Structure formats: structure tokens, C-alpha cells
Amino acid sequence: MCVYIYWSKLGIIYQSILSATEKMSPCVPKICVLHKILIVWMTVVATLSCLGHAKCEFEGIFNFGDSNSDTGGFWAAFPAQSGPNGMTYFKRPVGRATDGRLIVDFLAQALGLPFISPYLKSIGSDYKHGANYATLASTVLLPNTSLFVTGISPFSLAIQLNQMKAFKSQVEEFHHSSNQQELKRLPSLDIFGKSLYTFYIGQNDFTSNLAAIGVGGVKQYLPQVVSQIAGTIKELYALGGRAFLVLNLAPVGCYPSILAGLPPSELDAFGCSIAYNNAVVDYNKLLKEALSQTRGSLPNGSLIYVDTSSVLLELFRHPTSHGLKYGTKSCCGHGGGAHNFDPQVFCGNTKVVNGRPVTATACSDPYNYVSWDGVHATEAANKLTTLAILNGTFSDPPFPFEQFCDLHSIA
């Protein structure tokens with residue numbers, strides 16, 4: 001698979017450029033450094049362009065994450081979902097915590113793959129093109145509490161990794177037994193080395209303890225979070241995985257669910273929490289550094305860090321510049337005002353507040369919003385974020401999918 005060769009070579013060249021520029025004398029003009037980098041980059045692109053037939057052809061996606069990429073795993077385990085989730089694209093609830101498609105859905109469509117089935121969904125699933133282990137409320141670190149106490153999912157990243165190991169083992173077992181009926185919905189044996197492994201997880205590790213220990217307390221165990229992600233990637237590499245795409249932590253300081261309880265003095269010029277977003281920056285820096293170090297352990301692999309946080313931050317700050325209207329206001333919620341979020345009544349729920357029933361309803365135009373329910377992005381925001389991922393602008397090292405892959409429309 002030429003894509004892995006490209007990613008691997010690009011990573012080596014990228015690291016070489018960084019090392020070379022760091023060793024240069026301070027007296028060398030920056031323009032010369034940039035010129036040399038440009039020459040090397042153009043050489044790489046020109047060489048790859050000459051290959052002509054060298055296109056990335058991912059045969060599947062294996063996803064690890066939380067509600068930002070859960071395509072139905074949580075609701076398969078704990079059936080209780082109701083509307084208005086799914087109202088935009090699917091026209092009904094389909095296990096996604098948004099009005100339509102998620103980033104992982106758009107990535108699958110762009111690569112010409114079907115939507116990835118949840119590992120936990122027993123009916124109607126097809127695993128020929130991968131599996132999705134993400135579940136709503138999942139954390140990177142093992143939870144020390146119960147779902148029914150704090151709402152944290154029992155399916156942490158370590159559990160999701162074990163599920164992946166079990167899946168691979170069972171696929172191999174069925175192929176060796178020649179069970180033709182079961183093989184109809186299972187992938188080929190070589191899919192594990194020809195798939196894209198995606199990670200979008202860590203938000204719940206950050207937000208679930210904010211009320212109890214504050215931003216300062218949360219920051220103390222963030223190194224453990226990034227270490228767990230790096231360790232998981234190494235284990236997946238040992239299982240045969242070769243291409244890894246890691247999305248960083250979103251700017252939770254712009255989430256309506258966070259902002260609804262903060263005084264104006266703690267907000268920046270765009271109405272986002274200064275302290276929370278500064279902590280997000282610190283976490284993302286740790287994650288980027290950890291992944292950079294991890295690349296050395298993946299000699300024939302490719303590990304891409306994606307700064308989706310910057311993409312979403314831009315949408316929250318300047319929604320109208322990207323065809324949207326509302327940045328830090330929820331589409332689905334209750335209370336109106338600047339954020340339309342009430343912590344007592346979450347999207348789609350009805351509760352008695354001050355002696356009367358109150359329902360958190362959805363707006364009629366979610367395509368104008370960045371935030372769906374105060375915690376999750378709308379399909380419109382997810383699509384814009386996916387487009388940014390595909391053009392490679394926010395990737396480290398850079399990988400423009402749209403330049404090196406035969407992409408399909410995600411309209």
C-alpha cells in the first residue's frame with residue numbers, strides 16, 4: 001500500500017527538516033531556512049506525483065473514541081435513545097449525539113467506505129470495512145466510578161483496545177474455519193494493515209472532573225491521558241495497524257455547557273472561557289509531543305496528529321465567516337439567551353423545573369450552528385472540520401488526503 005510508504009517517508013523527512021533547522025546557526029536568516037524547507041517539500045511532492053498510480057486506498061476504518069465519534073455503540077449497550085438526534089441527515093435517532101453525521105462518517109464517505117458499524121451493535125452491522133469501538137461518555141483512563149453514578153461509560157480506551165484484539169482474533173478464527181455465512185459480514189485478513197485507525201477521545205477525561213477538582217486538578221493527570229493514547233497506538237501497531245490519525249482535544253472553553261455557568265469576567269473577547277481553553281492548549285501540546293516521540297517506535301507506520309481544536313475554535317469565534325450564524329449557542333437546548341443551555345434539561349429531555357414541565361427542543365436550522373446540544377458539534381461543523389482534515393492544513397506531519405487520495409463527495 002503506497003499510502004503507508006508515503007506517510008512513513010514523509011514523517012522521516014519532516015522530522016529530518018525539524019532536526020536540521022534546530023541545529024542551524026542563529027545567524028542564518030529565517031528566509032533561507034524556509035527556502036530550504038520549501039525545496040525539500042517540493043521535491044517530495046514532485047517525486048510522489050511522478051508515481052501516478054500511487055493513491056491511498058484504505059480498505060477500512062477502526063475508530064476509538066467517545067460521543068464525538070460514537071455511531072451507535074452506547075445506545076446498543078444501553079437502549080434508550082430518542083429524538084431530536086439524527087434529524088438532519090438520517091431523519092431519526094441512529095446512535096449519534098448530533099443532528100446528523102460525525103467526522104468519522106464524513107471520513108468514511110470521503111474514502112468511499114460505508115458508515116462504520118459499532119462493535120457493540122449485534123443487529124444490522126457489517127464489519128467488512130472496519131469497526132467502531134467508540135461509545136458516548138468514554139474516557140481514555142479507566143473510570144473509577146459507575147455509569148449510573150456519574151454517567152461515565154465503562155468502555156474506556158483500554159476496553160476498546162481489548163475489543164479490537166478480540167475482533168481481530170475472531171476474524172482470524174472464522175477465516176480459518178471457513179464459516180462462509182459469518183464471513184459475509186467480516187473483513188479480509190489483510191484489512192488490519194490496510195486500514196485507517198482513528199482516535200477522537202479525551203474530552204471526558206478533561207470535563208468529567210472539572211466541577212470536583214477544577215482546571216488545575218485536571219491538568220495534573222493529563223500526562224497520563226496522552227501516555228495511554230500513545231501506548232494504545234503502539235499496541236495497535238503490534239497488531240498490524242500502520243496508519244493512525246489522532247484528533248486533538250476540542251476547545252471545550254467555547255462549549256455552551258461550560259459557558260452557561262461562568263461569569264463574564266472569565267471569558268475572552270469571543271465569549272469563551274480563558275482558563276479552560278488555556279488548559280486545552282496545554283493538553284494538546286502534551287499530546288503532540290507524545291505522538292512525536294511515539295513515531296520512533298513505528299518504523300513502518302504513519303502517525304498523524306490533527307489540530308481539529310484550531311478548526312473548531314475558528315468556527316466558534318467566527319461562525320459567519322464559514323457560512324454559519326451561531327458559535328457559542330446551542331441549537332438543541334432550553335433557556336434561550338446567549339447559550340440556550342440549561343444543565344437541568346439536556347437536549348431532547350423533559351423535566352419538571354419550578355413546578356412545570358420543560359423540554360429542551362431543537363432549532364429548525366441546525367446548519368447555522370456550531371454546537372448541537374451544548375457539548376457536541378452539529379453536522380455542519382463536523383463537515384467543515386472534516387474538510388480541514390482532508391486538505392491536510394492542520395495535520396502534523398502534513399498529509400493532504402485530497403491531493404493523494406481519490407476522494408468521494410461528502411455533500
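Basis for what follows: all heavy atoms, side chains included, without hydrogens, waters or symmetry-related copies. The shown structure was predicted, so the numbers you read here are calculated from the model rather than taken from an experiment.
Under a 3.5 Å cut-off, the side chain of E266 and the backbone N or O of I274 do not form any donor-acceptor pair. Distance alone, capped at 3.5 Å, is enough to place a donor-acceptor pair between the Y127 side chain and the P118 backbone. With N382 contributing its side chain and R101 its backbone, the two residues share a donor-acceptor pair below 3.5 Å. With S371 contributing its side chain and S330 its backbone, the two residues share no donor-acceptor pair below 3.5 Å.
Between Y89 and F115, the angle of the ring planes goes over 60°, which puts this pair in the perpendicular group of the 30/60° scheme. Aromatic ring pairs are classed by plane angle as parallel below 30°, tilted from 30° to 60° and perpendicular above 60°; the pair Y237 and F244 is tilted. Ring geometry, Y255 versus F316: the interplanar angle falls from 30° to 60°, so the pair is classed tilted. Taking the six-membered ring where tryptophan is involved, the planes of Y119 and F167 are perpendicular, since the angle between them exceeds 60° and thus also 30°.
For K165 and E235, the salt-bridge test passes: some basic side-chain N is under 4.0 Å from an acidic carboxylate O. By the 4.0 Å N-to-carboxylate-O rule, D105 lies close enough to R96 to be salt-bridged with it.
Counted by atom type alone, T71 and N132 present one or more donor-acceptor pairs between their side chains at under 3.5 Å. Side-chain contact annotation: S297 with T294, donor-acceptor N/O pair under 3.5 Å absent. For the residue pair D70/S67, the side-chain donor-acceptor check at 3.5 Å is not satisfied. If you check the side chains of Y221 and N209, you find a donor sitting under 3.5 Å from an acceptor. A side-chain donor from one of Y305 and N248 sits under 3.5 Å from a side-chain acceptor of the other. In the model, W372 has a side-chain atom that pairs as donor or acceptor with a side-chain atom of N85 under 3.5 Å. With 3.5 Å as the limit, one finds no donor-acceptor pair spanning the side chains of S138 and S156.
Heavy-atom minimum distance, I389 versus S395: O-OG, 4.3 Å. Q203 approaches A250 most closely through the heavy-atom pair OE1-CB, 4.4 Å. Listed here is the closest heavy atom pair of E402 and N391: OE2-CB, 3.2 Å. The two residues N63 and F199 have their closest heavy-atom pair at OD1-N, 4.4 Å. Across all non-hydrogen atoms, the minimal contact from S309 to V280 is OG-CG1, 4.0 Å. The two residues T98 and E379 have their closest heavy-atom pair at OG1-N, 3.6 Å.
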### Query
Step by step, would you call F270 with H318 a ring-ring contact (aromatic ring centres under 6.0 Å, His included)?
CA-CA 9 Å; F270 302 97; H318 306 105; 5.3 Å; yes
### Task
Show your working on side chain to side chain donor-acceptor pair (under 3.5 Å) between T88 and D99 and close with a plain yes or no.
CA-CA 5 Å; T88 296; D99 62 303; 2.5 Å; yes
### Task
Could you please spell out the steps behind the side chain to side chain contact (heavy atoms under 4.5 Å, CB included) verdict for L267 and L262?
CA-CA 8 Å; L267 310 182; L262 296 180; 4.2 Å; yes
### Task
Check step by step if side chain to side chain contact (heavy atoms under 4.5 Å, CB included) holds for R242 and N300.
CA-CA 7 Å; R242 290 298 179 265; N300 298 311; 4.2 Å; yes
### Message
Run the side chain to side chain contact (heavy atoms under 4.5 Å, CB included) test on E314 and H322 for me, step by step, so that the C-alpha distance in whole Å, both residues' side-chain angles and the decisive distance to 0.1 Å come before the verdict.
### Response
CA-CA 9 Å; E314 168 64 18; H322 305 280; 2.8 Å; yes
### Query
When you look at I61 and L113, which way does the side chain to side chain contact (heavy atoms under 4.5 Å, CB included) test go after all the steps?
CA-CA 8 Å; I61 294 176; L113 302 172; 3.9 Å; yes
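Between F399 and F401, a ring centre-to-centre spacing shorter than 6.0 Å is recorded. Between F192 and F62, the ring centre distance stays below 6.0 Å.
Distance CG/D307 to OG1/T393: 11.0 Å, rounded to 0.5 Å. Note that CD of Q228 and OG1 of T139 are 9.5 Å apart. Values are rounded to the nearest 0.5 Å. A distance of 6.5 Å separates CG of L324 from OG1 of T378, quoted to the nearest 0.5 Å. The line from OG1 of T232 to CG of L157 is 3.5 Å long, rounded to the nearest 0.5 Å. Considering CD of Q81 and CG of L136, their distance stands at 9.0 Å, rounded to 0.5 Å. Atom-to-atom distance recorded for I116:CD1 and L102:CG is 12.0 Å, nearest 0.5 angstrom.
Each of P187, P114, S195 was compared with H129 under the side chain to side chain contact (heavy atoms under 4.5 Å, CB included) criterion, and only P114 meets it.
Looking only at side-chain heavy atoms (C-beta outward), L247 and L245 come within less than 4.5 Å of each other. In this structure, the side chains of F155 and Q163 come closer than 4.5 Å at one or more pairs of heavy atoms. The closest side-chain heavy-atom distance from V246 to L287 is below 4.5 Å. Side-chain contact between K329 and V370 is absent, with no heavy atoms from C-beta onward closer than 4.5 Å. Using a 4.5 Å cut-off on side-chain heavy atoms (C-beta onward), T350 and V345 make no contact. The side-chain heavy atoms of I229 and V140, taken from C-beta on, include a pair separated by under 4.5 Å. Looking only at side-chain heavy atoms (C-beta outward), L312 and L384 stay at 4.5 Å or farther from each other.
Around CZ of R92, the count of heavy atoms belonging to other residues, nucleotides or ligands within 6.0 Å does not exceed 12.
Checked against the 2.5 Å cut-off, the SG-SG distance between C254 and C272 falls under it.
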